[in-house]
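Quick caveat: nothing in here was measured; it's all calculated off a predicted structure.
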Amino acid sequence: MSTPYPFTALVGQADLRLALLLNAVSPAVGGVLVRGEKGTAKSTAVRALSALLPQVDVVPGCRFSCAPTAPDPACPDGPHEAGGRAARPARMVELPVGASEDRLVGALDIERALSEGVKAFEPGLLADAHRGILYVDEVNLLHDHLIDLLLDAAAMGASYVEREGVSVRHAARFLLVGTMNPEEGELRPQLLDRFGLTVEVAASREPAQRVEVVRRRLAYEDDSAAFAARWAVDEADVRDRVVAARALLGRVVLGDGALMQIAATCAAFEVDGMRADIVMARTATALAAWAGRTDVRKEDVRQAALLALPHRRRRNPFDAPGLDEDKLDEILDSFPDEEPEPDPEPEPEPEGPDDGGPEGGPDGGPDGGPDGGGLPPQGHGQDPAPESAPEPDGGTPDPAEAEGAPEPAPARADAAEAPTQAAVRAADPFRTKMLSVPGLGEGASGRRSRARTAHGRTTGAQRPRGQLTKLHLAATIQAAAPHQLARGRTGRGLVVRGDDLRQATREGREGNLVLFVVDASGSMAARKRMGAVKGAVLSLLLDAYQRRDKVGLITFRGTGAELALPPTSSVDAAAARLEQLPTGGRTPLAAGLLKAHEVLRIERLRDPSRRPLLVVVTDGRATSAGPAGGDARALARRAALLLQGEHVASVVVDCESGPVRLGLAGVLAADLGGPAVTLDGLRADSLAGLVKNVRTSSATLRKAA
């Protein structure tokens with residue numbers, strides 16, 4: 001469909017519309033990150049925004065959108081002659097998740113640069129997005145090296161392309177808008193902080209509003225041009241209001257009182273750095289201009305905090321984003337109210353067919369309310385403790401469950417009949433040392449195991465496979481040198497041909513699939529160990545988050561195993577499933593290992609380049625053979641040897657405790673061909689040699705095979 005969906009026809013999502021419009025008023029706010037579940041009009045809203053932006057004046061023929069009044073002196077298409085001017089709509093450029101580095105920053109013709117000494121440069125998406133919008137859908141799935149390039153361009157307002165001493169620079173100032181589904185993984189903190197505002201969106205649970213969404217979408221799909229014509233007046237009104245707010249922005253006064261409120265709010269919520277204060281100040285100023293005022297009020301500061309702080313106050317990836325609104329009100333109420341200067345009456349809200357409709361109450365405008373809109377309550381940033389969950393180290397332990405007490409006799413009933421104990425809270429996470437997969441992989445970019453990557457230290461050269469991306473200069477010259485006389489070289493320049501070019505091979509780090517197999521049987525809970533076990537797994541999950549891994553979670557108890565979380569990049573989801581994990585019943589160790597084998601087999605087909613690391617968290621007991629019947633320990637050993645035979649790198653976290661230990665986890669580790677480590681030995685200060693053991697064990701397996 002060539003006609004975009006009208007921005008003013010969006011149903012609900014008042015905070016999303018407000019955040020986008022504030023950036024249209026003041027691009028200095030720094031962009032928007034839209035977080036939410038699929039099917040909530042995230043992409044539709046962003047694409048509709050470009051139609052509301054004013055046109056931009058550019059130098060005719062300039063591929064880098066230089067402004068006629070202040071052209072970039074370093075523009076590759078320059079220098080520009082004075083007097084030329086052309087107007088065009090503001091662009092919205094989409095960055096695909098699978099884009100290459102050359103597509104993002106542009107491509108430099110290395111062959112012509114070496115042989116002719118000219119900068120033959122083809123602009124990339126950053127050049128196209130200059131003075132417009134750069135939209136990244138599923139920004140959390142973007143490769144790390146592209147994120148690094150975005151960070152550099154956003155920080156410096158320019159893009160640099162450097163290839164073996166040949167460099168090109170051009171301006172790249174754009175409004176960065178990203179959308180993401182948190183269930184698919186989180187963003188790196190560095191990129192998260194680059195977004196000025198963040199908005200959480202969710203589908204409405206009101207039937208009337210959902211009906212209106214469906215009605216408008218069907219009408220748009222039937223005849224997009226006629227549907228857009230119905231909203232043309234409202235679109236023009238909002239566009240005029242954006243232009244008026246931009247004109248008013250320079251006259252808005254940000255007083256000392258508002259600045260003190262902003263500083264006190266940022267300090268109270270313990271945000272990192274000073275960017276939050278600056279973004280809040282710009283957002284509050286834009287809110288005042290959008291409302292048609294020349295002074296910043298307390299309600300502007302409050303709304304700015306709700307938009308600019310939730311993603312900046314997160315302390316670790318397992319804390320839910322959000323802001324304690326009661327605390328925010330308490331901070332702002334501590335400042336006396338100031339009498340504002342009388343302002344001219346603001347322009348009326350654009351009226352349209354949705355005014356007073358189901359999407360946001362009586363106001364119905366894109367700002368969501370007379371004070372500029374507001375976010376719904378987002379909680380206090382922390383999950384409340386389950387009332388029935390005992391602290392791992394609190395209270396007086398039951399004598400029958402104290403450390404060192406004998407294990408209870410195995411229950412005769414299956415897990416379906418055994419009582420399920422309440423979920424236990426995880427102990428505090430700690431820093432772990434790196435577990436890595438042996439060998440040299442070629443998986444997705446990450447920070448765990450050694451791999452051949454596009455970035456990293458140069459280890460050699462080879463003929464390029466496809467388009468040349470990283471030139472190995474010395475190898476290229478060495479390949480071209482013997483042919484200079486035959487090619488008729490007469491001057492100082494080197495005669496280089498395409499078959500002389502050599503691609504640099506680099507070694508860096510890859511992300512792995514870390515599959516956790518957690519014992520949730522009654523033997524794990526009998527001695528109050530589950531809190532410590534969850535704390536250890538939580539620590540490993542935090543490590544996986546920092547190293548850009550995919551994670552999966554399998555639990556086993558009773559008579560079988562369950563895939564609690566299919567392999568995903570969302571470590572938050574894994575932590576939430578772990579927190580709710582119940583315990584009880586017998587120990588079907590074989591079922592857990594066989595489920596891991598099945599999951600790894602499927603993932604090998606889906607993502608063959610990503611290597612797995614199996615982490616089995618158990619005391620090693622096997623008391624249930626499951627529906628198949630037979631000797632539980634023998635079945636567990638056969639399952640472990642099956643994984644060993646496929647060279648799956650494994651680590652067993654031994655959860656056995658007390659003065660009398662059976663050492664069954666060590667036996668399981670030997671069957672898997674990997675090391676065993678205790679819960680205490682998992683900590684960073686006592687994990688020395690574990691990585692070496694993983695590599696040694698795997699190398700032994702390969703030799704034996």
Side-chain angles (χ1 to χ4, degrees), residues 403-404 406-410 435 438 515-527 529-530 532-533 536-537 540 554-561 585-597 600 612-626 628-682 686-687 689-705:
E403 292 293 338
E407 292 287 345
L435 307 176
L515 183 61
F516 294 94
V517 181
V518 180
D519 186 349
S521 64
S523 64
M524 298 288 288
R527 295 177 176 177
R529 285 176 290 181
M530 187 50 72
V533 169
V537 178
L540 292 169
I554 293 173
T555 64
F556 59 93
R557 56 184 289 268
T559 60
R586 306 181 71 181
T587 312
L589 178 58
L593 297 177
L594 290 175
K595 175 63 75 172
H597 179 269
L600 294 179
L613 175 64
L614 184 66
V615 180
V616 185
V617 185
T618 181
D619 56 9
R621 289 174 173 80
T623 61
S624 172
D631 187 334
R633 291 188 179 182
L635 288 175
R637 186 170 190 273
R638 288 171 56 187
L641 292 175
L642 177 64
L643 289 165
Q644 181 191 124
E646 297 188 359
H647 310 299
V648 176
S650 305
V651 176
V652 177
V653 179
D654 185 1
C655 302
E656 193 174 29
S657 58
V660 179
R661 305 193 183 194
L662 302 178
L664 297 177
V667 175
L668 174 63
D671 291 337
L672 286 169
V677 58
T678 63
L679 287 176
D680 291 336
L682 195 60
S686 59
L687 199 57
L690 179 58
V691 175
K692 180 180 178 181
N693 291 338
V694 174
R695 292 173 176 167
T696 303
S697 301
S698 299
T700 303
L701 286 174
R702 288 195 297 272
K703 290 179 180 178

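- Taking OG1 of T555 as the reference point, atom NZ of K595 lies at 10.0 Å (rounded to 0.5 Å).
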Could you give me the CA-CA distance, side-chain angles and deciding distance for F516 and L540, then say whether side-chain contact (heavy atoms from CB on, under 4.5 Å) is met? CA-CA 9 Å; F516 294 94; L540 292 169; 3.6 Å; yes
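- The closest donor-acceptor contact from the side chain of E656 to the backbone of G620 lies at 3.5 Å or more, if one exists at all.
- In summary, of the residues considered (V653, D519, V617), a side chain to side chain contact (heavy atoms under 4.5 Å, CB included) with V533 occurs for V617 alone.
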side-chain contact (heavy atoms from CB on, under 4.5 Å) for C655 and L679? Distances and angles first, verdict last. CA-CA 6 Å; C655 302; L679 287 176; 4.3 Å; yes
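- Using a 4.0 Å cut-off between charged nitrogen and carboxylate oxygen, D631 and R633 do not count as a salt-bridge pair.
- In this structure, CD1 on I554 lies 4.5 Å from CG on L515, to the nearest 0.5 angstrom.
- The two residues S624 and R586 have their closest heavy-atom pair at CB-CB, 3.9 Å.
- Across every non-hydrogen atom of S650 and P675, the tightest pair is O-CD, 3.3 Å.
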Could you go through the side-chain contact (heavy atoms from CB on, under 4.5 Å) check for L668 and L589 one step at a time? CA-CA 10 Å; L668 174 63; L589 178 58; 4.1 Å; yes
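- Nearest heavy-atom pair across A596 and V517 is CB-CG2, 3.8 Å.
- The minimum heavy-atom distance linking L664 with D619 is given by the pair CB-O, 3.9 Å.
- Between L662 and R621, the closest heavy-atom pair is CD1-NH2, 4.1 Å.
- Distance check, rounded to the nearest 0.5 Å: CZ of R637 to CG of D671 gives 4.5 Å.
- A side chain to side chain contact (heavy atoms under 4.5 Å, CB included) with F556 is found for exactly one of L594, T618, L593, namely T618.
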Please lay out, stage by stage, how H597 and L600 fare under the test side-chain contact (heavy atoms from CB on, under 4.5 Å). CA-CA 5 Å; H597 179 269; L600 294 179; over 6 Å; no
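- Proximity of R638 to L641: side-chain heavy atoms (C-beta onward) are nowhere separated by under 4.5 Å.
- Considering every non-hydrogen atom in both A590 and A639, the closest pair reads O-CB, 4.1 Å.
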